[in-house]
Protein chains: 2
Amino acid sequence: MMELTRKGEYAIRGILYLARQPQGKLSLVGEIAAASGVPKTFLAKILQDFTKVGLVYSFRGTGGGFSLARTPDRITLREVVEAVEGPILPNRCLIGAGSCENDSSCLVHPVWKRVRDEIVTILDGVTIEELAGEDHPT
Amino acid sequence: MMELTRKGEYAIRGILYLARQPQGKLSLVGEIAAASGVPKTFLAKILQDFTKVGLVYSFRGTGGGFSLARTPDRITLREVVEAVEGPILPNRCLIGAGSCENDSSCLVHPVWKRVRDEIVTILDGVTIEELAGEDHPT
DNA sequence: CTATAAAAAGACAAAAAAGGTCCTTTAGGT
DNA sequence: ACCTAAAGGACCTTTTTTGTCTTTTTATAG
């Protein structure tokens, strides 16, 4: 349970590829897909998600492509995952008021809140620069 | 993402019902289902899962039913959730060696391990006695 | 030893989500 | 005008979730 979907994995691979490119260079969907072993059309959707939340820039037409919108040290793993999978919500309770009829009496509720907070804290603490490794010794 | 399934929710509701019954009393599937608002046949499967991992006792035939196999203070939320949803594994990487071809070079790997460990720690720290509330003031 | 009660086991099925493809449209460059 | 590449949307397939139904096993009561 609690598993990251394939989409989430692909998203990480895709953004890591971008993070490893020289600053400002544009990459094509096909190029990223081939390099990171992700189905091209599927990756295209993922990149669209990234653009929507402002993680990457996209440019159309000849000479177009994708690049990070920020330096890799200012993009967290949480942002990447949430961009394609939506907010981290281990339990439906946490979504809104009405969804948990138990509400204040629901003692399970605060447990899931703790779980969410912990996950968020961990993922927020990891930048994709750290994950990309290599090209930034120390 | 990272959402508990309905089955997991039902499992919690079901075991909380059992936890609130007088020690040693047997409850029928139908009774638990009605009281906790869970489809009866679905709950039956969940209770079978519980029995398999030894969380509850089951007795067939007239006068049969289900009861907890341990006192509620010795059953953790983690056990309940894992009984029906399998082990907590936020990422496929963590399952086995071969599944993550990156292996040691995969820097994402240790992050998911931390996430799993945190979730497990939290869920292990909550007993269903605490969740059942009421009948054990303080 | 037969009828009844209740869980166990397993086959089946509908609904939702995940995973992925394809085609058309829009925007940008030559 | 024509080409290039992303955006958007329709569509499809597979898998998982969420169940149901039927048959079998086990236990009890008469």
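Quick note on labels: first sequence line is chain A, next is B, and so on, each numbered from 1.
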Asker: Roughly how far apart are A:Leu55 CG and A:Ile46 CD1, rounded to 0.5 Å?
Answerer: 12.5 Å
Asker: Taking only Lys NZ, Arg NE, NH1 and NH2, and the carboxylate oxygens of Asp or Glu, determine whether B:Glu31 and B:Lys25 approach each other closer than 4.0 Å.
Answerer: yes
Asker: Applying side-chain hydrogen bond (donor to acceptor under 3.5 Å, both in side chains), which residue pairs with at least one partner in residues 55-73 of chain A are found, sequence neighbours left out?
Answerer: A:Arg70-A:Glu79, A:Thr71-A:Asp73
Asker: For DNA chain C, find the residues of residues 28-48 of chain B with a heavy-atom distance under 4.0 Å and give them by number; none if there aren't any.
Answerer: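 By residue number: B:Leu28, B:Val29, B:Lys45, B:Gln48.
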Asker: Among the clusters formed by ILVMFWY side chains lying less than 4.5 Å apart, do A:Leu4 and A:Ile88 turn up in the same one?
Answerer: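 Same cluster.
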Asker: Assigning hydrophobic clusters by single linkage (Ile, Leu, Val, Met, Phe, Trp, Tyr; side-chain heavy-atom cutoff under 4.5 Å), is B:Leu131 placed with B:Ile122?
Answerer: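 Yes, B:Leu131 connects to B:Ile122 through the hydrophobic network.
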Asker: Are the side chain of B:Arg20 and the backbone N or O of B:Ala132 linked by a donor-acceptor pair below 3.5 Å?
Answerer: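 Yes, the answer is positive, given that a donor and an acceptor are paired below the 3.5 Å cut-off.
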Asker: Judged by each residue's nearest nucleotide on DNA chain C, which is more toward the 5′ side, A:Thr5 or A:Arg60?
Answerer: A:Thr5
Asker: Passes side-chain contact (heavy atoms from CB on, under 4.5 Å), A:Leu47 versus A:Ile32? Steps please.
Answerer: CA-CA 10 Å; A:Leu47 288 167; A:Ile32 310 174; 4.0 Å; yes
Asker: Looking only at heavy atoms, what is the nearest atom pair of B:Leu16 and B:Ile128, with distance?
Answerer: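 Distance-wise, the nearest heavy atoms are CD2-O, 3.8 Å.
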Asker: Does the pair B:Ser27 and B:Leu18 meet the rule for a side-chain contact (heavy atoms from CB on, under 4.5 Å), with working shown?
Answerer: CA-CA 7 Å; B:Ser27 311; B:Leu18 287 177; 3.7 Å; yes
Asker: Can you name the ring pair (Phe, Tyr, Trp, His ring centres under 6.0 Å) partners of B:Tyr10, sequence neighbours left out?
Answerer: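 Testing B:Tyr10 for ring pair (Phe, Tyr, Trp, His ring centres under 6.0 Å), a comparison that skips the adjacent residues, returns B:Phe42.
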Asker: Less than 4.0 angstrom from a charged side-chain N to a carboxylate O is my criterion; do A:Lys45 and A:Asp49 meet it?
Answerer: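 No, this pair does not count.
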Asker: Under a criterion of less than 4.0 angstrom to any heavy atom of chain B, what are the 5'-terminal and 3'-terminal contacting nucleotides of DNA chain D?
Answerer: D:dT18 to D:dT28
Asker: Using a 4.0 Å cut-off to any heavy atom of chain A, which nucleotides of DNA chain C are the first and last in contact, reading 5' to 3'?
Answerer: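 Range of nucleotides touched by chain A: C:dG19 to C:dG29.
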Asker: Would you mind telling me which of B:Leu26, B:Val29, B:Ile15, B:Leu28 makes a side-chain contact (heavy atoms from CB on, under 4.5 Å) with B:Phe66?
Answerer: B:Val29
Asker: Scan B:Tyr57 against the nucleic acid and name what it touches under 4.0 Å (heavy atoms): base, sugar-phosphate only, or nothing.
Answerer: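 It contacts nothing in the nucleic acid.
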Asker: Could you go step by step and tell me if A:Ile75 and A:Leu68 meet the side-chain contact (heavy atoms from CB on, under 4.5 Å) rule?
Answerer: CA-CA 9 Å; A:Ile75 297 177; A:Leu68 294 185; 4.1 Å; yes
Asker: Output the residues of residues 63-72 of chain B in contact with DNA chain D, where contact means a heavy atom of the residue under 4.0 Å from an atom of the strand; sort by number or write none.
Answerer: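 Listed by number, there are none.
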